[in-house]
Amino acid sequence: MKIDVLTLFPEMFEGVFGHSILKKAAEQKAAQYNVVNFRDYADNKHKTVDDYPYGGGAGMVLKPQPIFDAVEDVKSSSEAKSRVVLLCPQGERYNQKKAEELAAEEHLIFICGHYEGYDERIREHIVTDEISIGDFVLTGGELGAMVIIDSVVRLLPGVLGNQESHQKDSFSTGMLEHPHYTRPADFRGLKVPDVLVSGNHAHIEEWRVKQSLKRTYTRRPDLLEDLELSETHKKWLNEIKKEDK
């Protein structure tokens, strides 16, 4: 996957792309990162990329020309069809399903804005996806882009090593993940549930599913509204609801 990031602050991405899973993905050639300062594409002497909004109002608006030219340039270096992602509070709420959708692409372009907003012609003519990572406002789109890139790259084949790791993550199954425990089995009198050290894998799997159901019901019941549950899972969920009363 080729990932281009258009930003006014390219230095922000040096640490993110140079460590942990994102670095590993680049070393494995699963992902290739390219950070572009779209100020370099400004066609005026002072390299300004923003201007006052027509009709008046507070703040400055990003001009279309530098971003149009930057997107067209990075597109020309890729033979794959590009998805152009605009980080924006008005965009669709980001979730794991969207991460999986983007992970199937070969070329992603992220536009990180600043100031009051974007010239509307950017949205209308070069963007394929508008994404928000939550109902709050950040100074710019860089942090949002980092979150999305991290969540997408870890889904690429071979990046995590164990392919099951992301398949059983919270949200990937539609439910929150079950509790995890590791050694020692008894820490300061706090013991690991007996079922996990029983060696009975069928019982362990049943326990994990029940715990996922319980955690989802108590913490994010909204997730259960769109989840297709088997009859067995429905029975377990009803038992959990009775216990909660």
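Nothing here was measured: the structure is a model prediction, and the numbers come from that model.
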Taking atom types as modelled, find out whether S82 and H107 have a side-chain donor-acceptor pair closer than 3.5 angstrom. yes
Show the atom names and distances, to 0.1 Å, of all donor-acceptor pairs under 3.5 Å that link a side chain in residues 53-75 to residues at least two apart or in another chain.
from: Q65; atom 1: OE1; to: D43; atom 2: N; distance (Å): 3.2
from: Q65; atom 1: NE2; to: Y41; atom 2: O; distance (Å): 2.8
from: Q65; atom 1: NE2; to: D69; atom 2: OD2; distance (Å): 2.8
from: D73; atom 1: OD2; to: Y41; atom 2: OH; distance (Å): 2.5

As a quick check of understanding, evaluate side-chain contact (heavy atoms from CB on, under 4.5 Å) for L223 and L176, giving each step before the final call. CA-CA 9 Å; L223 294 176; L176 300 184; 4.0 Å; yes
Can you list everything that forms a side-chain hydrogen bond (donor to acceptor under 3.5 Å, both in side chains) with K210? Sequence neighbours excluded, please. E206
Given side-chain contact (heavy atoms from CB on, under 4.5 Å), test L102 with I131 step by step and report yes or no. CA-CA 12 Å; L102 294 178; I131 295 178; 4.1 Å; yes
Using salt bridge (charged side-chain N to carboxylate O under 4.0 Å, His left out), reason through K242 and E239 one step at a time and then give a plain yes or no. CA-CA 5 Å; K242 289 178 182 177; E239 291 173 357; over 6 Å; no
Within the 3.5 Å criterion, strictly below it, is a donor on H114 or D50 matched to an acceptor on the partner's side chain? no
Is the closest basic N to carboxylate O distance between E79 and K2 below 4.0 Å? no
Please indicate whether E106 has more than 12 foreign heavy atoms, meaning atoms of other residues, nucleotides or ligands, lying under 6.0 Å from its CD. no
Going by the rule side-chain contact (heavy atoms from CB on, under 4.5 Å), which residues pair with S132 if we only count those two or more places apart in sequence or in a different chain? none
More than 12 heavy atoms of other residues, nucleotides or ligands under 6.0 Å from CG of D222: is that the case? yes
Distance-only criterion, 3.5 Å: show the donor-acceptor pairs between side-chain atoms of residues 7-14 and protein atoms not counting sequence neighbours.
from: T7; atom 1: OG1; to: F9; atom 2: N; distance (Å): 2.8
from: T7; atom 1: OG1; to: E142; atom 2: OE2; distance (Å): 2.5

So, Y217 side chain and I240 main chain: donor-acceptor pair closer than 3.5 Å or not? no
How are the rings of W207 and Y181 set relative to one another: parallel (under 30°), tilted (30 to 60°) or perpendicular (over 60°)? tilted
Donor-acceptor contacts under 3.5 Å from residues 20-30 side chains, at least two apart:
from: K24; atom 1: NZ; to: V159; atom 2: O; distance (Å): 3.0

Could you pull out all donor-acceptor pairs under 3.5 Å where a side-chain atom in residues 224-235 meets a protein atom, sequence neighbours excluded?
from: S230; atom 1: OG; to: H233; atom 2: N; distance (Å): 3.1

